[in-house]
Undergrad: 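Before I ask anything, here is the structure I am working with.
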Amino acid sequence: MAELQNISGLKELQAAMKELPANIARNVLRGAVNAGATVIREEAKTRAPQPSGPPIKDQPPPGTLKRALYQKQIREKSSAVLQTFFVGVRQGRSAKKTKKGRIDAWYARFVEFGTSKMVAKPFMRPAFEAKKMAAVDAIKDYLLKRIPDEVDKARKK
């Protein structure tokens with residue numbers, strides 16, 4: 001398992017972020033973490049199992065699990081120096097359509113962890129393990145692109 005402790009350049013990043021106004025630094029950091037979360041969500045979509053065969057009555061249509069994957073910023077746990085994003089599966093209480101017309105994947109936890117009658121078919125945990133370093137790279141690439149642009153804009157003002 002690859003460890004995240006081999007990330008270099010954090011002191012330089014911190015110095016560059018201090019040159020930016022607080023609201024811009026927060027927005028840049030939010031965009032960077034969002035880019036990393038996107039990598040994880042897209043990998044989970046590719047790994048989410050899809051049933052084969054004809055649709056079963058009263059069951060969600062094929063592809064519901066993939067469509068129910070989302071990412072969201074957790075504002076309560078985010079600040080100017082820390083951004084928290086959640087990648088998960090919308091899980092309503094039943095297979096009924098929501099007000100927005102989507103069917104939530106209420107059964108996602110059964111797929112991920114299995115049940116006494118069903119073997120587990122994990123897709124979220126393997127997606128994270130497979131792409132965590134790619135997510136770090138996406139964050140780094142976003143910051144390397146965006147910080148110099150924002151520093152230049154701030155200096156021109």
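Numbers here simply count residues along the sequence, with the first being 1.
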Undergrad: If Ile, Leu, Val, Met, Phe, Trp and Tyr residues are connected whenever their side-chain heavy atoms lie under 4.5 Å apart, and connections chain through other members, are V89 and M118 in the same group?
TA: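 Looking at the clustering, M118 is in the same group as V89.
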Undergrad: Determine whether F85 and R30 make a side-chain contact, defined as any pair of heavy atoms from C-beta on separated by less than 4.5 Å.
TA: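 In contact.
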Undergrad: Hey, are E43 and R47 close enough for a salt bridge, meaning a charged N less than 4.0 Å from a carboxylate O?
TA: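 Yes, E43 and R47 are salt-bridged.
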Undergrad: For the residue pair L29 and L82, what are the closest heavy atoms and their distance?
TA: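 For L29 versus L82, the nearest heavy atoms are CD2-N, 3.8 Å.
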Undergrad: Donor-acceptor pair, distance only, cut-off 3.5 Å: does the side chain of T84 make one with the backbone of I74?
TA: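 Looks like no, no N/O pair under 3.5 Å.
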Undergrad: What's the spacing between M133 CE and K140 NZ if we round to 0.5 Å?
TA: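 M133 atom CE to K140 atom NZ measures 8.5 Å (nearest 0.5 Å).
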Undergrad: Quick one: side chains of residues 32-39, donor-acceptor pairs under 3.5 Å with protein atoms, not counting sequence neighbours, listed by atom name and distance.
TA:
from	atom 1	to	atom 2	distance (Å)
N34	OD1	Q71	NE2	2.5
T38	OG1	N34	O	2.9
T38	OG1	Q71	OE1	3.4
T38	OG1	Q71	NE2	3.0

Undergrad: For the CD1 atom of I40 and the NZ atom of K45, what is their distance to the nearest 0.5 Å?
TA: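 Reported to 0.5 Å precision, the distance equals 14.0 Å.
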Undergrad: Nearest 0.5 Å please: distance from the OG1 atom of T115 over to the OH atom of Y107.
TA: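 So the gap between those two atoms works out to 14.5 Å.
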Undergrad: With rounding to the nearest 0.5 Å, note down the distance linking CD in Q83 to CD1 in I139.
TA: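 Separation between the atoms: 11.0 Å.
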Undergrad: Taking the side chain as C-beta and beyond, is there a heavy-atom pair between L65 and F123 under 4.5 Å?
TA: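 In short, these two side chains touch, coming nearer than 4.5 Å.
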Undergrad: Please check if the side chain of R125 supplies one atom and the backbone of E112 the other of a donor-acceptor pair under 3.5 Å.
TA: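 Indeed, once roles are kept as given, a pair shorter than 3.5 Å links the two residues.
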Undergrad: Any idea which heavy atoms bring M124 and A44 closest together, and the distance?
TA: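 Result for this residue pair: SD-CB, 3.7 Å.
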Undergrad: Distance check, rounded to the nearest 0.5 Å: N27 atom CG versus R146 atom CZ?
TA: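 Reported to 0.5 Å precision, the distance equals 6.5 Å.
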Undergrad: Keeping the roles fixed (side chain from K66, backbone from A48), state whether a donor-acceptor pair exists under 3.5 Å.
TA: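 The answer is yes, because a donor-acceptor pair under 3.5 Å joins these two groups.
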